[in-house]
Every structure is written in structure tokens, then in C-alpha cells.
Amino acid sequence: MDITDRPRRLRTDGVRGLVSETDVRAEDLIAPIFVDATIDDRLEIETMPGHERVPIDESVARTREVLDTGVGAVMLFGIPNSKDARGSRAWAEDGVVQRAVRRITAETDAYVLTDICLCEYTDHGHCGVIEENAATDPTVTVKNDPTLELIERIAVSHADAGAEMVAPSGMMDGMVGAIRGALDAAGHRNVSIMSYGAKYNSGFYGPFRHAADGAPAFGDRRHYQMDPANAREAVREVRLDVEQGADVLMVKPALAYLDIVAALRGAFDHPVAAYNVSGEYAMVRAAADRGWLSLEEVAYESLLSIKRAGADLILTYFAEDIADRL
Ligand code: PBG
């Protein structure tokens, strides 16, 4: 045999670590947590076994569980005590996220990010102010500019409560610029913005909509979230966010969109984040619960692939499982 190049030489146990190109560290991960103003006890999320909604009183304890695994950052989602057409509980000073953020920042060292959206707060479940006939006419949808005003209020209220980074996920045009302007005007120049810039209209959000009670009562989000068929459009979308002052650029979902992660990595110098979403967690978890695959192995491999594609940070429901193992 005349084989000169033998890649297997570098796969022995002694050298594998030296030549490994990518790793996943606890510091790369952000753990999403769900705080629910309507409950007094923790509630298991049916569509995401292993995850719970916690009452506001438990938000600090929940954050400490994350910190104990070595993960330093949490992303907060809120389930409000009431909903209305404009989602007014989303910017209330005594809103669920605002109260939880105040406690978490006062009592822990966690780095706190908040999701900024209206879908958990509106009675129709859309991510903004809807057009009058939206329920009956599927071609009309969320009004962009009136929604921006509400998003600005939410961002400022989260920053007032102590959030260090806000993450607008509603896919409204101009949302990053609107938030940057509002934060600066309110004296929050050092609060960062992680834009869900390339957020696709995805079936992988199914379990989350149950977890956060934010499913649209009618229609879908295809008029504001991106079409999964489009890749070049993602670069264009994200460029707009960069021009408006985004600090971190996010792709969502992650695994079915690794080409987009790689494209953004190549096109911009900003940190790139990927959101390994609820459906990606639920699939692995469901198979693992049946004994069909190893959750830890597949979760780690998934996160590794997201890093390899070019992401610097990952939002993932596996954060605690994986950090514990590392
Ligand atoms: C709010 C929001 C959603 C997710 C994060 N923020 C749901 C959606 O857009 O329908 C999904 C997260 C997940 O699936 O884990 N707009």
C-alpha cells in the first residue's frame, strides 16, 4: 500500500485535543427561562420536558440553577397576568419580566438578556399592532410603524429594570434603530442590542408557543418573519440591523439554517448568535426519552456544529445539560 497522507494519524487520543478546531464552552451559552405571572408553583412545560415555567418568586432560584452549571447568561421570556390587543403588560413597570429582571440583577451575578416581543402579551398572539380586519383577511397583518413605538417602550422598561442586553424578536423593519434611539434617549447607552435579524417563519417554534403561550390566534407570521427559502435576504436584513446599531447578530432557528450562520460570519465582523430553538430541543429530547439516541451526545454535537458554522454564542435549552457535562 502506498498511502502518504493518513488523516487517521491525528485521531489518536493523545493528539485529538491538540488538533481540534472548535469547542463549546459554558461561556458560549445563554439559557432561556420562562417567568409566568399567573402561577404560584413551578409548572412543567409539556412540549419541552425538562423545562418549567416559574413564578416571579422563583426567578432568582431558577437563575441560580443555571449559574450553578457554569452558564453565566439568561434570556428571559414572560407570561403576563393579562393580555390585550396592544400587549400593554409588555411595557408595564410592574410587568412580569420587569419584576423578574429587577430581582435577578439585584440578587445574582447573571448577565441578563430579555426578549422583546408582543406575541406573549397580545390577546391575538401576533407580534404587534394588527390591522383592523386581520382576523378575517389573511393578506393583512401586523402594522410595522405603530408597533415600533410599543417596542421602544418595552426596551426602555426592560433596561430600566436592569436588563443588560435586549433582543427584539418581532422582525419589524427599523426595530433596531428605533430601540437604539429610545434607549439612548433614556440614558441607556450601554445596554446592548442583539437583533433577531435573520429570524425565519419556522415550524420549529411550535413547542415554544405552548411554553410561552404566544401562538397566533389566527393566521401565521409569514408576513413579518423571513421566508425559509431565502438566504441572500438574510444578509440584507442583517445589514440593515448593523446600520441601525445592532451589537450582536442572530440567526434563528439554528440547525436548519447553518448556511445562514456561515454567511453572516463571513459578511460581518460582529458577534454572531444562533438560537437553537424549542423544536430543535423537543426533537432530540423526545427521541432521547424513548431511548433512541443519547441526549448529551446529540445535543453536544448540535451545539458544536453551530459553533463550527461560525456562531460565537448560542441560545439553547440544552445549556444546563451541556454545561454540566463540560
Ligand atoms: C417571540 C419569540 C418566539 C421565539 C422566541 N421569541 C416565537 C415566535 O416567533 O413565534 C421562539 C423560540 C423557540 O422556539 O425556542 N416572537
Side-chain angles (χ1 to χ4, degrees), residues 29-35 45-53 74-80 83 87 89-90 96-97 113-122 124-130 141-142 144 147-148 150-151 154-155 158 163 165-172 175-176 179 193-228 237 248 250-257 273-286 299 302-303 306 313-320:
L29 307 178
I30 301 169
I33 62 181
F34 297 96
V35 186
I45 299 169
E46 220 178 287
T47 51
M48 301 174 67
H51 281 275
E52 300 171 322
R53 292 188 192 180
V74 292
M75 164 81 99
L76 263 70
F77 292 96
I79 295 101
K83 305 191 186 214
R89 295 301 298 166
V96 55
V97 166
L113 302 91
T114 57
D115 181 88
I116 296 199
C117 199
L118 282 151
C119 59
E120 297 102 342
Y121 300 87
T122 51
H124 45 72
H126 278 285
C127 304
V129 183
I130 51 170
T141 176
V142 171
N144 194 86
T147 299
L148 294 181
L150 307 187
I151 289 174
I154 304 172
H158 287 185
M165 186 181 286
V166 295
S169 66
M171 288 300 279
M172 298 301 134
M175 67 183 182
V176 172
I179 291 173
I193 303 175
M194 173 161 71
S195 180
Y196 290 67
K199 175 170 175 179
Y200 286 87
N201 178 35
S202 171
F204 285 103
Y205 308 147
F208 173 93
R209 291 182 184 169
H210 178 88
D213 195 21
F218 50 83
D220 57 37
R221 308 207 202 286
R222 73 183 187 282
H223 294 131
Y224 41 105
Q225 297 181 346
M226 281 185 59
D227 181 347
E237 264 285 358
V248 180
M250 197 211 286
V251 177
K252 177 183 175 187
L255 292 176
Y257 297 86
Y275 200 142
N276 178 224
V277 300
S278 58
E280 302 175 68
Y281 172 82
M283 290 192 300
V284 174
R285 179 69 203 220
S302 302
L303 299 185
I306 296 166
L313 52 151
I314 308 174
L315 290 109
T316 177
Y317 302 97
F318 294 122
E320 291 163 272

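For ligands, and for the atoms within them, numbers begin at 1 and follow the listed sequence. Every heavy atom of this structure was used, including side-chain atoms; hydrogens, water molecules and symmetry mates were not.
- Shown are Met75, His158, Met194; of these, the side chain to side chain contact (heavy atoms under 4.5 Å, CB included) with Asp115 is made only by Met75.
- Counting only distance, with no hydrogens or angles, the side chain of Arg53 and the backbone of Ala211 share a donor-acceptor pair below 3.5 Å.
- Judged by a 6.0 Å distance limit and a 45° cone about the ring axis, Lys199 is not positioned over the six-membered ring of Tyr275.
- In this structure Ser278 satisfies the side-chain contact (heavy atoms from CB on, under 4.5 Å) test together with Met48, Pro207, Phe208, Tyr317, sequence neighbours excluded.
- With hydrogens and angles disregarded, a donor-acceptor distance shorter than 3.5 Å links the side chain of Thr147 to the backbone of Val129.
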For ligand 1, list all ligand N or O to protein N or O distances below 3.5 Å, rounded to 0.1 Å.
{"residue": "ligand 1", "atom": "6 (N)", "partner": "Asp115", "partner atom": "OD1", "Å": "3.3"}
{"residue": "ligand 1", "atom": "6 (N)", "partner": "Lys252", "partner atom": "NZ", "Å": "3.3"}
{"residue": "ligand 1", "atom": "9 (O)", "partner": "Lys199", "partner atom": "NZ", "Å": "2.6"}
{"residue": "ligand 1", "atom": "9 (O)", "partner": "Gln225", "partner atom": "NE2", "Å": "3.0"}
{"residue": "ligand 1", "atom": "10 (O)", "partner": "Arg209", "partner atom": "NE", "Å": "2.7"}
{"residue": "ligand 1", "atom": "10 (O)", "partner": "Arg209", "partner atom": "NH2", "Å": "2.6"}
{"residue": "ligand 1", "atom": "10 (O)", "partner": "Arg221", "partner atom": "NE", "Å": "3.0"}
{"residue": "ligand 1", "atom": "10 (O)", "partner": "Arg221", "partner atom": "NH2", "Å": "3.4"}
{"residue": "ligand 1", "atom": "14 (O)", "partner": "Ser278", "partner atom": "N", "Å": "3.3"}
{"residue": "ligand 1", "atom": "14 (O)", "partner": "Ser278", "partner atom": "OG", "Å": "2.7"}
{"residue": "ligand 1", "atom": "15 (O)", "partner": "Ser278", "partner atom": "N", "Å": "2.8"}
{"residue": "ligand 1", "atom": "15 (O)", "partner": "Tyr317", "partner atom": "OH", "Å": "2.6"}
{"residue": "ligand 1", "atom": "16 (N)", "partner": "Ser169", "partner atom": "OG", "Å": "3.3"}
{"residue": "ligand 1", "atom": "16 (N)", "partner": "Lys199", "partner atom": "NZ", "Å": "3.1"}

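- Put simply, the residue from Leu315, Asn276, Leu303 that forms a side chain to side chain contact (heavy atoms under 4.5 Å, CB included) with Leu29 is Leu303.
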